[in-house]
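We name chains A, B, ... by the order of the sequence lines, and we start the count at 1 in each one. The structure presented is a predicted model; accordingly, all values stated were derived computationally and were not measured.
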Amino acid sequence: MPSDNEQIAEIFDEIADLLEIEGDNPFRIRAYRTAARNLRALNKDVRRMREAGEDLTDFPGIGKDLAAKIEEILDTGRCRALEKLRRKVPPDLGELLRLPGIGPKRVHALYHELDIQNLEQLQRAARDGEIRELSGFGPKTEARLLEAVEKHRDSERRFKLAEAARYAEPLQAWLEGGKNIEQVVIAGSYRRAKETVGDLDILVIARDGRQAIQHFTHYEDVDTVVSSGSTRATVILSNGLQVDLRVVPKVSYGAALHYFTGSKAHNIAVRRIAQKKGWKINEYGLYEGDKRIAGETEASLFKQLGLAYIEPELRENRGEIEAAREDKLPKLIKLTDLRGDLHCHTRASDGQGSLRAMAEAARDRGLDYLAITEHSKHLAVAHGLDSDRLLKQVDAIAELNDILDGITLLSGIEVDILEDGSLDLPDEVLDRLDLVIGAVHSQFNLSRKQQTERILRAMDSPHFTLLAHPSGRLIDKREPYAVDMERIIHQAAQRGCYLELNANPDRLDLLDSHCRLAKEEGVLVSINSDAHSPAAFEHLRFGIGQARRGWLEKDDVLNTRSLTALRKLLKQTRQ
DNA sequence: GCCGTTTTCGGCCCGACTGTTTTCAGTCG
């Protein structure tokens, strides 16, 4: 079930779509889109804020009118402005807007000239050759539209960051091997470590743009060349991933990198700063009149604008610009800050490695300690451990620690939180462990209230250390379960326990906005691989990316502590 | 529709590529 923020954002986006087709004032349309984007980025629930008596117009992009619409939607579940628009403009037209190569003007023309209201009608008209007859359209546009309709199904697809990396890294290597190519950087949401990316934006410094682009379009995995000029090109790879490449000269590198890293909202906000000073920013630099005053590096650009350097992961216009102005940006955590990993599985439950193999793989990644945390018996599909098997493992870990070199294993469990909030193993067994990770693996569909109460009850257990993958979402597969995360984070602070940021690329859970909340409440986050095989410690880098998006610093993260300090903190969670 | 160190009106981010034009509109990022 989408949150209130998401639901309102969708309504605002739809209003923007329909207004756009109607040819309304573009700035009014932008206001709706900005509001939608800001609502999605907000790490607080608007309903709750309103109940707390906060003034919605205090938020950026929300004025009197939109605040009233938000209240209407919260109160009635409806938005009369949207309903009125829908009566005027067929709502399916919004879907046409999603097709590549077609924007509001063309949708408007298709609707008013040919009475095309949906994808099917568009497809028919294109096949019948009606579209090429319209002014502003031609045979090529018609063919492109037809193709776009047929491919529409997967055009919306986003790629998980880890999956994108598997395609991006070889492509980057290929580009770096090109003649006269000096530097290749993958910018865009990939550089911002967003959990999913819609496409890849690659920036290349080269003396000869055409030559570089030739090299790019001849990459073996390129399926379609969508466009290609002297400074930019767009291709689709065989797996459907779109890649945009831009070539810039060296003097513009920083400005271009900033520009193509985004996010859009961040860039707009930064450009406004320049604009207020009477300057202009584009991908070639920061200009005062015709004179370039910064842009060879990103640092020069920020400095000239009076801002501290903003790390890519923070560039979402969620307060980073204000923080940069006051020099109050966080010093973000790095992969090398991690000293250990508190969540992994072996063959004993559903993992693929032995205790020793997992320990050695973690050690080879530079970790000092690793907690073994199998599933518990309730999760039978994962061969979860009962008390006997768990206690045997505790002994095996103790023995192995005597002979292991360079790493220490901790005994733990990923214990199921049952529907009533009790834990799946008895206290006297949990008492033998170094840590207890509680996890929800069943009954995802409880009401928000029930689900929240269930988790809060589990956290009350004297043995509870850490809440695993707190939202339960699987990216693109399962929505987060309905739960009051603000309350859970607050409770963790009161109770003195921790939250996991599960680094599995399918999860990346805590969400970035909740990392920030945890930090504000002083709740430590543990960035864990949840490795089910020795190779899966690789996942930690994606967890770090997510943590950085959540503004986390080294000190905000539990497993940056030394083993000694960690043991002390684990002990403190015992009530 | 929002916003204000140019504050209640008059602004609002910027450039490349394509296709349809015959100098530019539409779309995209």
Side-chain angles (χ1 to χ4, degrees), chain A residues 12 15-16 19-21 23-38 56-70 81 96-110 131-145 148 155 187-190 197-203 209-210 213 217 225-235 242-248 252 255-256 258-287 295 306 317 325:
Chain A
F12 285 178
I15 291 177
L19 287 175
E20 208 167 19
I21 293 166
D24 208 287
N25 174 2
F27 299 107
R28 183 172 174 226
I29 294 161
R30 187 185 293 171
Y32 278 102
R33 295 218 190 277
T34 304
R37 201 169 45 225
N38 290 350
L56 297 177
T57 63
D58 285 347
F59 287 88
I62 308 287
K64 235 173 97 185
D65 184 277
L66 292 186
K69 288 197 171 73
I70 291 173
L96 299 186
L97 221 43
R98 305 277 171 294
L99 294 173
I102 184 170
K105 296 277 165 39
R106 287 183 176 150
V107 172
H108 184 89
L110 290 168
I131 288 173
R132 66 178 70 188
E133 304 299 332
L134 290 179
S135 138
F137 291 74
K140 287 210 172 163
T141 305
E142 185 179 79
R144 265 183 77 192
L145 285 182
S155 68
S189 46
Y190 184 88
V197 302
D199 59 16
L200 291 179
D201 296 291
I202 302 185
L203 186 66
R210 283 195 188 279
I213 280 171
T217 55
V225 178
V226 179
S227 72
S228 120
S230 60
T231 66
R232 69 181 296 169
T234 296
V235 305
Q242 178 174 317
V243 186
D244 298 325
L245 182 111
R246 290 291 302 248
V247 185
V248 295
S252 299
H258 180 258
Y259 186 90
F260 293 110
T261 296
S263 66
K264 203 171 175 175
H266 168 90
N267 285 357
I268 289 172
V270 169
R271 264 188 234 121
R272 291 183 106 110
I273 296 175
Q275 201 186 28
K276 275 185 193 153
K277 294 178 191 274
W279 301 337
K280 190 179 75 168
I281 296 186
N282 58 28
E283 57 263 58
Y284 298 109
L286 174 58
Y287 291 90
N317 197 22
R325 195 178 284 135

Any side-chain N or O of [X] below 4.0 angstrom from OP1/OP2 of [N]?
| X | N | answer |
| --- | --- | --- |
| A/K64 | B/dC3 | no |
| A/S228 | B/dC17 | no |
| A/T234 | B/dC28 | no |

How close or far is atom [atom2] of [N] from atom [atom1] of [X], stated in whole angstroms?
| X | N | atom1 | atom2 | result |
| --- | --- | --- | --- | --- |
| A/R144 | B/dT18 | CZ | P | 9 Å |
| A/Q275 | B/dG10 | CD | P | 17 Å |
| A/D199 | B/dC28 | CG | P | 13 Å |
| A/Y287 | B/dG15 | OH | P | 9 Å |
| A/F59 | B/dC3 | CZ | C1' | 17 Å |
| A/L96 | B/dC28 | CG | P | 12 Å |
| A/R210 | B/dC17 | CZ | C1' | 11 Å |
| A/D65 | B/dG1 | CG | P | 4 Å |

Side-chain heavy atoms of [X] within contact of [Y], under 4.5 Å:
| X | Y | answer |
| --- | --- | --- |
| A/I273 | A/W279 | no |
| A/L19 | A/Y32 | yes |
| A/D199 | A/T234 | no |
| A/F12 | A/L66 | yes |

Classify [X] by what it touches in the nucleic acid, base, sugar-phosphate, or nothing, heavy-atom distance under 4.0 Å.
| X | value |
| --- | --- |
| A/K69 | sugar-phosphate |
| A/N25 | base |
| A/I281 | sugar-phosphate |
| A/Q242 | sugar-phosphate |
| A/P26 | nothing |

Euclidean distance, A/T231 OG1 relative to A/I213 CD1, rounded to 0.5 Å
6.0 Å
Atom OG of A/S252 and atom CG of A/N282: how far apart are they, to the nearest 0.5 Å?
8.0 Å
Could you tell me how far [M] sits from [N] if I compare only their [atom1] atoms? Round to whole Å.
| N | M | atom1 | result |
| --- | --- | --- | --- |
| B/dG26 | B/dT21 | C1' | 12 Å |
| B/dG10 | B/dG15 | C1' | 25 Å |
| B/dG11 | B/dA16 | P | 26 Å |
| B/dG1 | B/dT5 | P | 23 Å |
| B/dT27 | B/dT20 | C1' | 14 Å |
| B/dT7 | B/dC12 | C1' | 15 Å |
| B/dC9 | B/dC14 | C1' | 25 Å |

Which sits closer to the 5' end of DNA chain B, A/K105 or A/S135, going by the nucleotide each is nearest to?
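That would be A/S135.
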Which comes earlier along DNA chain B counting from the 5' end, the contact point of A/F260 or that of A/V226, where each point is its nearest nucleotide?
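Closer to the 5' end of DNA chain B: A/V226.
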Taking the side chain of [X] as its heavy atoms from C-beta onward, which of [options] lies nearest to it?
| X | options | value |
| --- | --- | --- |
| A/T141 | B/dG19, B/dT27, B/dC12 | B/dG19 |
| A/F27 | B/dG19, B/dT27, B/dC12 | B/dC12 |
| A/R272 | B/dG1, B/dC14, B/dC12 | B/dC12 |
| A/S227 | B/dC17, B/dC14, B/dT20 | B/dC17 |
| A/N282 | B/dG29, B/dG1, B/dG15 | B/dG15 |
| A/K264 | B/dG29, B/dG26, B/dA16 | B/dG29 |
| A/K280 | B/dA16, B/dC2, B/dC14 | B/dC14 |

Side-chain ion pair, A/E283 and A/R232, N-O less than 4.0 Å
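Salt bridge flag = no for A/R232 with A/E283.
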Donor-acceptor pair, side chain of A/D201 and main chain of A/A187, under 3.5 angstrom
no
Identified pairing partner of B/dT27, criterion: Watson-Crick or G-U wobble below 3.5 Å
B/dA16
Look at the side chain of A/Y259 and the base of B/dG29, then say whether one donor and one acceptor between them are separated by less than 3.5 Å.
yes
